[in-house]
Amino acid sequence: MDTLMHVKIWGSADAADAVEQELFRLDKLLSVTGESSDVFLLNRGRRAQLSDEAAELLRSAIALSRRTDGAFDPTVYPLVQLWGFTEGTQRVPAQDELQAALDNIGIENIEQDGNAVTLKNGAQLDFGGIAKGYAAEKCAALLQTAGVEAALLSLGGNVQTVGTKPDGSQWAVGIADPAQPAQAIATLRFTGSLALVTSGGYQRYFEEDGVRYHHILDPETGMPAQSGLASVTVLAESGTLADALSTALFVMGLDAAAQFWRSSDDFEAIFITDDGQIFATQGAAVLLGDCEFQEISR
Ligand code: AMP
Ligand code: MG
């Protein structure tokens, strides 16, 4: 998944091996560039019979795209390629190139009948905005089944806790300061299993003529989303949900994201604005230690 992953397990080393194998298996299945992955074969052939698992993830991705009114869009790959974010040279595309790609994206271009999927109009799938959260969720389930006491997974910006540490102490998960990503701007403390997924403009970007272009694209404009947010962290039981929503809320911006949260009951979120202010929804606010933030209420 083109990122650094850390896995810490309180339990047997066999469980650690099982997680490693599971991560490689999912990478092979879902990677947009891996030449034998379901996604790659579908993008190349326009039509493919997906595995049960990829078909199920696609159904979730389509549902989350609808729910977020297209802010999360699993068909953005033509745009991602234009910008050169997964392969090739990173560059600012011309307006007509962007427009051509924009004409091709959107979930209305996906036809899914069970495991049989057809892509229309040149749309191409990219699970980059959801795969790490899905992988974290799968690994958490695997670890729970294996009976480990506790585990902490960090899959490139996606954190998943499992259980509670044997000494009963709380998990402490830092949120990177977008201005200095090696440092935490805030810390969340809690016990038990939780997915915490951060999407940030600082995570992957390039610069051209002094302007920074990051990898989270606004499916309306084709440009890196400029919503006034520097990062969004979503907390949820489901890693898949948290991952799709972190990307979507980043695209929406603070006001629309807060409104979206008010009409939902399955996640909490922390927003860092471009000028470094921290906003936390009620359920996230209670987990934040002493840092200055503003609470978003129902
Ligand atoms: P994340 O880091 O989870 O926010 O996902 C960003 C990755 O998802 C990018 O590197 C792209 O591969 C893909 N992506 C970019 N913009 C979007 C979007 N609006 N919806 C879905 N996936 C996206
Ligand atoms: Mg995401």
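Counting from 1, the numbers follow the sequence of the chain as shown. Remember, it's 1-based here, ligands and their atoms both numbered in the order they're listed.
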Numbering the atoms of ligand 1 from 1, which are under 4.0 Å from a heavy atom of [X]?
{"X": "P219", "value": "19 (N)"}
{"X": "A71", "value": "18 (C), 19 (N), 20 (N)"}
{"X": "D243", "value": "3 (O)"}
{"X": "T247", "value": "1 (P), 3 (O), 4 (O), 5 (O), 17 (C), 18 (C), 20 (N)"}
{"X": "F72", "value": "20 (N), 21 (C)"}
{"X": "D126", "value": "11 (C), 12 (O), 13 (C)"}

Residue and atom name of the nearest protein heavy atom (relative to [atom]), distance in Å to one decimal:
{"atom": "atom 20 (N) of ligand 1", "answer": "D73 N, 2.9 Å"}
{"atom": "atom 16 (N) of ligand 1", "answer": "L217 N, 3.0 Å"}
{"atom": "atom 14 (N) of ligand 1", "answer": "V76 CG2, 3.8 Å"}
{"atom": "atom 4 (O) of ligand 1", "answer": "S199 OG, 2.6 Å"}
{"atom": "atom 10 (O) of ligand 1", "answer": "H215 ND1, 3.0 Å"}

Legend entry - NZ/NE/NH1/NH2 to OD/OE distance under 4.0 Å, R66 and D73: no
Inset, instruction - Could you tell me the angle subtended at the Mg ion (ligand 2) by O of D243 and OG1 of T247, rounded to 10°? - result: 90°
Legend entry - N, O or S atom of G129 closer to the Mg ion (ligand 2) than 2.8 Å: yes
Legend entry - N/O donor-acceptor pair under 3.5 Å between E97 side chain and A94 backbone: yes
Inset, instruction - For the pair S12 (side chain) and D14 (backbone), establish whether a donor and an acceptor sit closer than 3.5 Å, ignoring hydrogens and angles. - result: yes
Inset, instruction - Answer with yes or no after comparing the ring centroid distance for F250 and H214 against a 6.0 Å cut-off, counting only values under it. - result: yes
Legend entry - Distance flag, aromatic centroids of F127 and Y134, threshold under 6.0 Å: no
Legend entry - Any F85 heavy atom less than 4.0 Å to ligand 1: no
Does any non-hydrogen side-chain atom of [Y] lie less than 4.5 Å from one of [X]?
{"X": "Q90", "Y": "W83", "value": "no"}
{"X": "W261", "Y": "F267", "value": "yes"}
{"X": "M252", "Y": "F72", "value": "no"}

Inset, instruction - Answer yes or no: does an N/O atom from G129 fall short of 3.5 Å to an N/O atom of ligand 1? - result: yes
Inset, instruction - Check whether any N or O atom of K132, backbone or side chain, sits under 3.5 Å from an N or O atom of ligand 1, and answer yes or no. - result: no
Legend entry - W171 with L288, same ILVMFWY side-chain cluster at under 4.5 Å: yes
Legend entry - Modelled atom types, side-chain donor and acceptor of N104 and N121, under 3.5 Å: no
